[in-house]
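Data block below; observations after.
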Protein chains: 2
Amino acid sequence: MNNYHELLKSSGLKATIQRLGILEELQKSGHCSIDDIYTTLKEKYPSISLATVYKNIQTLVEKRVIIEVPISGAKSKYELKKQDHIHLICQVCNSVEDESVEVVTQENLMLLAQKDSFILSRSQINLYGVCRNCQG
Amino acid sequence: MNNYHELLKSSGLKATIQRLGILEELQKSGHCSIDDIYTTLKEKYPSISLATVYKNIQTLVEKRVIIEVPISGAKSKYELKKQDHIHLICQVCNSVEDESVEVVTQENLMLLAQKDSFILSRSQINLYGVCRNCQG
DNA sequence: GTCCATGCAAACGATTTGCATGCGT
DNA sequence: ACGCATGCAAATCGTTTGCATGGAC
């Protein structure tokens, strides 16, 4: 069982219903856009405001509790922080699936796509960090 | 020498000054945001409109002449279509550098970062394509 | 000469902000 | 009880659209 209450507290944040709802929805659905989250939470907590979702997503990303998954040609999605993995992003329905590959080679990616019946069009590998000029 | 005139024609597009300017700027700078491009071209062609840059970027992405590089926490950048490579994205200045790695392993990525004096924080591997449900 | 592309201004939609109130601690 | 978080409405910003004019072919 997940203790998101504790996770929020240890990140220096109050454990509000809205925040717990966001984290539970991300756990349930895996990858969600802001609107996905708002629509789902609106059913459980009709008084929730879209601005609250925006503010919380921003806060949770800053605190590194969740991760932004920017998507070419669509709005960003968000996921709970977890160990490294690969995203299969559908350019038609914008769904995102997680997969793991030990060693990333052109061939392994093709096999991975094949396994999931995913028609692979292109891959993008991004490393985030701090460049030489911005250090110190 | 690059013949962007020909590239545009073969993509079914008219070779206008504005489009040639966008491609040349991408070649010169590597990775640019919409605003980067607009600011630079505005100096050479003061009459250029921001709407024209938006329209052309959209058209060039659709025709697969350029590629969108969506960036976590910042606006997308764009690059000329070229062979597969890795992006080193600085979370401070948002610069993007290209690198190539034969085989992607945790260790190789760390060596790559080390070589460039890049402090690596996290990596994101995205495969774009069409999922099983959206085929046929 | 034709048709697509440009530039402008207006429209639109997504995201942020300010502030009074509510709730977690 | 204190102070952060929420919800609302207004403001802001990025992006798109419509249309008259210009330019590539």
Side-chain angles (χ1 to χ4, degrees), chain A residues 3-26 32-63 65-66 68-78 94, chain B residues 3-26 32-63 65-66 68-78 94:
Chain A
N3 193 338
Y4 291 130
H5 192 287
E6 187 49 41
L7 173 59
L8 288 168
K9 294 302 300 300
S10 69
S11 302
L13 299 173
K14 286 186 179 172
T16 64
I17 292 290
Q18 293 86 344
R19 284 174 183 162
L20 291 168
I22 290 173
L23 297 182
E24 277 155 18
E25 176 57 18
L26 287 178
C32 305
S33 68
I34 300 268
D35 288 338
D36 292 341
I37 293 169
Y38 176 64
T39 302
T40 303
L41 293 192
K42 189 79 181 173
E43 287 169 20
K44 273 192 213 163
Y45 316 107
S47 75
I48 199 174
S49 160
L50 180 56
T52 297
V53 177
Y54 272 104
K55 286 173 188 167
N56 278 327
I57 291 291
Q58 193 175 298
T59 305
L60 292 168
V61 167
E62 281 165 8
K63 298 289 185 181
V65 175
I66 67 176
E68 179 183 358
V69 183
I71 296 177
S72 180
K75 300 255 183 76
S76 286
K77 299 211 173 196
Y78 298 86
N94 287 324
Chain B
N3 194 338
Y4 291 130
H5 191 287
E6 188 48 42
L7 173 59
L8 288 168
K9 294 303 300 300
S10 68
S11 302
L13 301 173
K14 286 186 179 172
T16 64
I17 292 290
Q18 294 85 344
R19 284 173 181 163
L20 292 168
I22 290 173
L23 297 181
E24 278 155 18
E25 176 57 17
L26 287 179
C32 306
S33 68
I34 301 267
D35 288 338
D36 292 341
I37 293 168
Y38 176 64
T39 303
T40 303
L41 292 192
K42 189 80 182 173
E43 288 169 19
K44 275 191 209 160
Y45 315 106
S47 75
I48 198 174
S49 159
L50 180 55
T52 296
V53 177
Y54 272 103
K55 286 172 188 166
N56 278 327
I57 290 291
Q58 195 176 297
T59 304
L60 292 167
V61 168
E62 279 164 8
K63 298 289 186 183
V65 174
I66 67 176
E68 180 184 356
V69 183
I71 296 177
S72 180
K75 300 257 183 73
S76 286
K77 300 212 174 195
Y78 298 86
N94 288 323

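Protein chains get the first letters and strands the later ones, always in sequence-line order, with residue 1 at the start of each.
Taken to the nearest 0.5 Å, the OH atom of B:Y4 stands 8.0 Å off from the CG atom of B:L26.
For A:N56, a side-chain nitrogen or oxygen approaches OP1 or OP2 of D:dT6 to under 4.0 Å. Taking 4.0 angstrom as the limit, A:T52 places a side-chain polar atom (N or O) nearer than this to OP1 or OP2 of D:dG7. Regarding contacts with the backbone of D:dT16, every side-chain N or O of B:Y54 stays at 4.0 angstrom or more from both OP1 and OP2.
For the pair B:T16 and B:L8, the minimum side-chain heavy-atom distance is 4.5 Å or more. The shortest distance between side-chain heavy atoms of B:P70 and A:I71 does not fall below 4.5 Å.
Closest to the side chain of B:L13, out of C:dT25, C:dA5, D:dC25, is C:dA5. Candidate nucleotides C:dT6, D:dT6, C:dT16 were compared by shortest atom distance to the side chain of B:Q18, and C:dT6 ranks first. Distance from the side chain of B:T16 is smallest for D:dA24 among the nucleotides D:dT15, C:dT25, D:dA24. Among D:dG7, D:dC25, C:dT16, the nucleotide with an atom closest to any side-chain atom of A:Q58 is C:dT16.
The 5' end of DNA chain C is approached more closely, in terms of each residue's nearest nucleotide, by B:G12 than by the other of B:G12 and B:P46. Comparing B:K9 and B:A51 by the nucleotide of DNA chain D whose heavy atom lies nearest to each, the residue mapping closer to the 5' end is B:A51.
Side-chain atoms of A:S11 never come within 3.5 Å of backbone atoms of A:L13 as a donor-acceptor pair (strictly under, hydrogens ignored). A side-chain donor-acceptor contact under 3.5 Å links B:E68 to the backbone of A:G73. Listed for the B:R19 side chain is a donor-acceptor partner under 3.5 Å among the backbone atoms of B:K14.
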When you look at A:Q18 and A:L41, which way does the side-chain contact (heavy atoms from CB on, under 4.5 Å) test go after all the steps? CA-CA 8 Å; A:Q18 293 86 344; A:L41 293 192; 5.5 Å; no
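Across all strands shown, B:I34 has no heavy atoms under 4.0 Å from either base or sugar-phosphate atoms. When heavy atoms are screened at a 4.0 angstrom cut-off, B:S47 is found touching the sugar-phosphate backbone but no base atom.
If you take CD1 of A:I37 and P of D:dT6, they are 13 Å apart, rounded to a whole angstrom. B:K75 places its NZ atom 16 Å from the P atom of C:dA14, with the value rounded to the nearest Å. To the nearest angstrom, P of C:dT6 lies 10 Å from CG of B:L8. When the C1' atom of C:dA5 is taken as reference, atom CD1 of B:I48 falls 11 Å away, rounded to whole Å. B:Y45 has its OH atom 21 Å from the C1' atom of C:dC8, to the nearest Å.
Within 3.5 Å, a donor on the side chain of A:K55 pairs with an acceptor on the base of D:dG7, or the reverse. Evaluation of atom-type donor-acceptor distances gives a pair under 3.5 Å for the side chain of B:K14 against the base of C:dC3.
Note on the helix from C:dG1-D:dC25 to C:dT25-D:dA1: terminal axis deviation equals 50°, with five pairs used at each end and the result rounded to 10°.
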